[in-house]
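To start, the structure itself, in structure tokens.
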Amino acid sequence: MTDMNLGKKLNLLAGILQSLPSAAVAFSGGVDSTFLLKYAHGAMKGRVVAATAAAPSFAPDETAEAADFCKSEGIRHIVVNMGDAFLDSFADNPADRCYICKKNMLQRLLAHTELAGMVLLDGSNTDDALDYRPGERALLELGVQSPLREASLSKEEIRTAAKAMGLSVWGKPAFACLASRIPYGERITVGKLASIYRLEKLLHENGFSQVRVRHHGDVARIEVLPEDRKKFFNTDFMEKINKAAKEAGFIYAALDLGGYKMGNLNMSTKNV
């Protein structure tokens, strides 16, 4: 994709955003929503706010980073606390868990008094159509707009544009919600999500940029990038991770020998 084509797409994005009277960006702190929020803030001259859902299935670090970004950019930030009961509607973990979760979350955002009358925007892009994303149906049902996709922007183009804007998140790895670490049909609990988060946080702190801790009952199956697998083969480090896994509530910890790959948890249903 040439810079000229990217420029045209960004001009189209600006036009889409400027046509809106006011908007709220569903802001997770990831690359896509950060870029969209920053771009909308400039294009809409203050007629946009950030709306972040806080729930047990979302890593606390992500919520904190979203708040820090809004503060640094002078963007009004509304955090909607979903509470532990948010899990109840999809705790049985059906194959359409993502749809149920996203619809409930978006409905809560749309119903928030401080967001009344605003168009809700999300950061979906053209690459999202290439993966299994049952949550996309919720966007259509609730009338949530996806300006990045409307402007035909791909993930790579968004990263390129974000880097050019000086956004530090431009190279941030993709991050799915913590519930996606639990195989479909296995019950989702606050305790399981906390265990996953605790171990993933430690791995991030030890230099692993892309990590998944898959929850298989007593077993934590750890996925890291294929090129990062060699970092594990150190006796002291393995002892450290094994101890941390037990402290997080697992009995066993195992490294996935194939390394991280999107959809690794359940290839038949493409769980991310």
List, by chain and then residue number, the residues other than [X] in its hydrophobic cluster (Ile/Leu/Val/Met/Phe/Trp/Tyr, side-chain heavy atoms under 4.5 Å); write none if there are no others.
X	value
L12	I16
W170	none
V79	none

Partners passing side-chain hydrogen bond (donor to acceptor under 3.5 Å, both in side chains) against [X] (at least two apart in sequence or in another chain):
X	value
S154	E157
K246	none
E114	R76
D218	none

Can you find a side-chain donor-acceptor pair between T63 and T52 that sits under 3.5 Å? no
Qualifying residue, where the test is side-chain contact (heavy atoms from CB on, under 4.5 Å) with I158 and the options are L167, L148, T34, T126: L148
Going by the rule ring-ring contact (aromatic ring centres under 6.0 Å, His included), which residues pair with F175 if we only count those two or more places apart in sequence or in a different chain? none
Does F208 have any ring-ring contact (aromatic ring centres under 6.0 Å, His included) partners at least two apart in sequence or in another chain, and if so, which? F232, F237
Using a strict 4.0 Å threshold on nitrogen-to-oxygen distance, state whether K201 and E205 make a salt bridge. yes
Checking K38 now: which residues fulfil salt bridge (Lys or Arg N to Asp or Glu O under 4.0 Å) with it, not counting sequence neighbours? E73
For E65, give me all partners under salt bridge (Lys or Arg N to Asp or Glu O under 4.0 Å), at least two apart in sequence or on another chain. K172
Please report the interatomic distance OG(S180) to NE2(H215), rounded to the nearest 0.5 Å. 13.0 Å
E200 (side chain) donor-acceptor with V213 (main chain) under 3.5 angstrom: yes
Any pair counted as ring pair (Phe, Tyr, Trp, His ring centres under 6.0 Å), so long as it reaches residues 39-59, sequence neighbours left out: F35-Y39
Have a look at D256 and tell me which of R214, R229, R221, R212 forms a salt bridge (Lys or Arg N to Asp or Glu O under 4.0 Å) with it. R221
